[in-house]
Number of protein chains: 2
Amino acid sequence: MEATLRDDVVVASGDARQRFHDSRGYGRARGAEVTLARIEAAHLLYRGDLESVDGSGFREFFTRSVAEGKRFAARFLVYADLRERGFYVTPDRDGWPGEGADPLPDLTVFARGEKPGGDVAYRIRVAGEREELPARDLADLSLAVVDEESEVTYFDCAAGGGFEGDTEYDLPRSLDADLLEDRVVCWDPPESLYESAFYGQPIAGRDAAVVAGLQLSLLEAADLAERGTVALDPDAVVERGREVEGSRFDRRLTVYRRLRDRGVVPKTGYKFGADFRTYDAVESVADLPHSEALVRVVEPDHRFHPRDLALDVRLAGGVRKRMVFALAGDDSVAYLTVARLTP
Amino acid sequence: MEATLRDDVVVASGDARQRFHDSRGYGRARGAEVTLARIEAAHLLYRGDLESVDGSGFREFFTRSVAEGKRFAARFLVYADLRERGFYVTPDRDGWPGEGADPLPDLTVFARGEKPGGDVAYRIRVAGEREELPARDLADLSLAVVDEESEVTYFDCAAGGGFEGDTEYDLPRSLDADLLEDRVVCWDPPESLYESAFYGQPIAGRDAAVVAGLQLSLLEAADLAERGTVALDPDAVVERGREVEGSRFDRRLTVYRRLRDRGVVPKTGYKFGADFRTYDAVESVADLPHSEALVRVVEPDHRFHPRDLALDVRLAGGVRKRMVFALAGDDSVAYLTVARLTP
């Protein structure tokens with residue numbers, strides 16, 4: 001079976017419509033002919049179902065397509081991988097089956113058992129490992145990253161953070177505290193500030209026979225100063241935060257406050273390499289559940305390096321927590337939850 | 001019991017030498033007196049063993065010491081944590097028990113059951129979470145990172161990567177290959193190039209009925225071009241590598257080659273957020289062992305952000321692999337293996 005490249009699509013006639021389109025979901029029917037996207041044609045050549053396009057076999061057609069089309073190799077690899085997994089897949093092109101998202105991702109994958117045009121399982125954005133990905137464009141897409149050795153990893157990117165805060169506590173007022181370098185010590189606080197509200201960390205554990213102090217991070221202290229719980233000037237605490245971590249402090253504080261306002265308890269995510277780990281519902285620290293999410297705070301125009309994304313998502317998966325990115329502007333926070341996906 | 005600050009050390013007399021030094025390993029004996037470093041004096045105040053230093057109790061002494069000494073709070077927290085774990089600890093100061101390393105780290109921890117001056121268990125460098133740490137200064141130290149909420153995490157940093165390469169294979173010569181965008185496809189290679197030497201990735205899996213191609217990463221291709229295995233100009237491959245990832249490509253290639261030269265097989269570490277995962281001994285890909293190490297390639301003057309370090313080490317620990325940093329210069333590679341430590 002031969003085919004012809006015409007205006008960046010491959011046209012095949014004869015029994016191609018029946019063989020490729022009707023029975024196996026390739027391309028778009030146009031009368032007796034079938035119109036194939038380049039990756040579809042490459043896949044048919046690769047499988048030996050199509051002998052040539054304008055006389056070229058797989059190697060020549062593939063090589064030429066890589067040279068002409070952006071990310072052709074990566075898109076082909078993902079297409080082939082999804083086909084192997086038993087899905088019907090179409091390239092997202094205007095007028096192609098399944099088309100409809102805006103902006104168009106790269107591939108539409110139909111639910112198992114569905115033909116092209118049926119229920120959509122995934123809308124896939126294909127990316128090479130070295131490509132930077134704007135965080136705000138990923139909401140509600142699936143991401144297929146092709147690594148430098150041509151393996152494909154999938155991620156599910158969903159708008160929202162999934163927080164269901166249910167922690168309640170009363171805060172005392174005007175507690176005595178010192179701002180010390182990059183932390184705050186609150187002296188003789190009521191036990192509930194730590195035990196119920198889960199602010200701070202007692203100044204030390206078993207040895208704390210004499211000194212009753214609660215160490216607060218600058219974020220916790222800024223929040224508590226603003227709420228009137230510790231007798232410190234909120235601006236002074238924020239200023240110190242900016243001195244030690246720059247404008248990142250403001251972004252993190254915005255997210256911290258919004259989570260607290262929702263009844264979620266954020267604590268440092270340092271051990272997981274994140275900004276926060278979060279607890280939806282703390283009854284008491286003595287009976288602390290596992291934290292449910294890891295939060296990394298980024299700028300609203302943050303661009304992911306796929307390798308960093310893989311690291312965060314893999315680690316979160318390993319400790320059974322959601323990985324949430326908080327895109328924090330001055331007055332707004334948008335959450336994006338990213339998880340490993342196996343199509 | 002009272003004590004006096006003199007030249008940045010605290011001097012106590014009376015029965016202090018017997019009570020603090022002889023029986024509990026604080027400070028340095030000087031005749032009938034004992035000389036205490038500030039963190040030692042703060043710890044004794046904190047425990048209530050010392051009432052005051054020049055009339056100041058814990059809060060005042062601690063607050064003043066934080067204002068005067070660099071990283072005092074962090075060093076105190078680590079000191080107190082190690083004491084609680086049952087170790088004798090001394091600050092690393094010239095003339096203090098255990099002193100000897102160059103440059104001096106922050107604390108010397110003696111082996112369990114050993115008094116100060118006895119066998120050393122750990123030499124500890126204390127760091128705040130926001131402090132950047134020069135990678136090359138960490139070899140053979142232990143690192144104690146105090147996070148923003150004042151919890152302490154320990155890392156063991158050892159010079160060397162622990163590679164014991166034992167993979168053997170013969171390489172064919174002058175194979176036909178195309179340089180395509182950011183990868184190379186080698187056409188009709190002998191099966192052993194993948195199966196024994198573990199270069200590349202077959203162009204696709206189960207569907208590969210017709211096309212026999214092995215996809216190579218640019219690193220693999222540069223290495224194989226240099227060795228004469230693929231018929232490509234090595235310089236052209238390296239040039240393409242630099243186009244897509246800059247000078248990082250050269251550093252990674254240096255490490256890649258040295259590992260291959262040692263009989264170690266490096267493959268992409270993308271799924272773990274690293275540069276490579278490595279196999280000491282590959283008999284065949286069909287019978288592949290788990291990879292033993294994750295390698296992140298950095299510049300020789302790389303400075304760690306403690307949070308990134310925590311992320312890498314935690315992930316590696318979770319998948320039971322060594323975390324190795326390769327400090328790669330133009331002609332040299334120094335390895336540093338970092339692991340979580342529980343003193």
Side-chain angles (χ1 to χ4, degrees), chain A residues 46-48 58-59 62-63 66-67 71-73 77 80-81 83-84 128-130 145 147-151 153 178 180-183 185 187 200-201 203-211 213 215 217-220 244-245 267-268 270-274 306-308 310-312 314-315 318-319, chain B residues 46-48 58-59 62-63 66-67 71-73 77 80-81 83-84 128-130 145 147-151 153 178 180-183 185 187 200-201 203-211 213 215 217-220 244-245 267-268 270-274 306-308 310-312 314-315 318-319:
Chain A
Y46 159 70
R47 288 179 50 90
F58 175 75
R59 177 175 174 178
F62 184 77
T63 306
V66 168
R71 298 181 298 128
F72 184 85
L77 290 167
D81 184 69
R83 274 271 173 187
E84 273 197 30
E129 178 184 342
R130 301 179 181 97
V145 179
D147 70 29
E148 63 180 326
E149 288 176 5
S150 306
E151 284 213 48
T153 315
D178 286 324
L180 299 175
E181 224 174 7
D182 59 353
R183 67 200 75 226
V185 180
W187 304 99
Q201 159 95 345
I203 199 164
R206 298 184 291 276
D207 278 356
V210 176
V211 178
Q215 302 174 80
S217 72
L218 291 175
L219 286 176
E220 292 175 320
V244 299
E245 53 180 66
K267 296 293 282 186
T268 181
Y270 163 75
K271 282 180 187 166
F272 306 102
R307 207 160 53 128
D308 296 340
L311 181 53
D312 278 339
R314 173 109 196 187
L315 178 66
V319 294
Chain B
Y46 159 72
R47 288 178 50 91
F58 175 77
R59 177 174 174 178
F62 183 76
T63 306
V66 167
R71 297 181 299 130
F72 184 84
L77 289 167
D81 184 68
R83 274 269 172 189
E84 272 198 29
E129 178 185 340
R130 300 180 183 95
V145 179
D147 70 29
E148 63 181 327
E149 287 176 5
S150 306
E151 283 213 48
T153 314
D178 286 324
L180 299 175
E181 224 173 7
D182 59 353
R183 67 201 74 227
V185 179
W187 304 99
Q201 159 95 346
I203 199 163
R206 298 185 293 276
D207 278 355
V210 177
V211 178
Q215 303 174 80
S217 73
L218 291 176
L219 286 176
E220 291 175 321
V244 298
E245 53 181 68
K267 294 295 280 186
T268 180
Y270 163 75
K271 282 182 185 163
F272 307 102
R307 207 162 53 127
D308 296 339
L311 181 53
D312 278 338
R314 173 109 195 188
L315 178 67
V319 293

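All values derive from a computational prediction rather than experimental measurement.
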- Spacing of CD belonging to B/Gln201 relative to NZ belonging to B/Lys267, to within rounding of 0.5 Å: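 Between B/Gln201 CD and B/Lys267 NZ, I get 7.0 Å after rounding to 0.5 Å.
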- Query: So which of B/Val66, B/Asp182, B/Leu218 has the largest heavy-atom pair count under 4.5 angstrom toward chain A?
  - Reply: B/Val66
- Message: Looking only at heavy atoms and a cut-off of under 4.5 Å, which of B/Arg59, B/Arg71, B/Glu151 has the most pairs with chain A?
- Response: B/Arg59
- Message: Which heavy atom of B/Pro306 sits nearest to which heavy atom of B/Val145, and what is that distance?
- Response: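 Looks like CB-CG1, 3.8 Å.
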- In terms of heavy-atom pairs under 4.5 Å with chain B, which of A/Gly200, A/Ala67, A/Ala274, A/Ala73 leads?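 Sorted descending by pairs with chain B, the first entry is A/Ala274.
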- Item | Pairs of heavy atoms under 4.5 Å with chain B: top-ranked of A/Asp312, A/Val185, A/Thr268 |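 Going by pairs under 4.5 Å, I would pick A/Thr268.
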- Query: What part of B/Thr153 is in contact with chain A, defined as an atom under 4.5 angstrom from a non-hydrogen atom: side chain, backbone, both or neither?
  - Reply: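 Just its side chain gets close to chain A.
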[X] versus chain B, the contacting section by heavy-atom distance below 4.5 Å:
| X | value |
| --- | --- |
| A/Arg314 | both |
| A/Asp308 | neither |
| A/Phe72 | backbone |

- Task: Check whether any side-chain N or O of B/Gln215 sits under 3.5 Å from a backbone N or O of A/Ser150 as a donor-acceptor pair, and report yes or no.
- Result: no
- Message: When you measure from the side chain of B/Glu129 to the backbone of B/Glu148, do you find a donor-acceptor pair of N or O atoms at a distance under 3.5 Å?
- Response: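 Judged by distance alone, yes, a pair lies under 3.5 Å.
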- Query: Any idea how A/Tyr46 and A/Phe58 line up, ring-wise: parallel (<30°), tilted (30 to 60°), or perpendicular (>60°)?
  - Reply: tilted
- Task: Would you indicate whether the side-chain heavy atoms of B/Asp178 and A/Phe62 approach each other to under 4.5 Å?
- Result: no
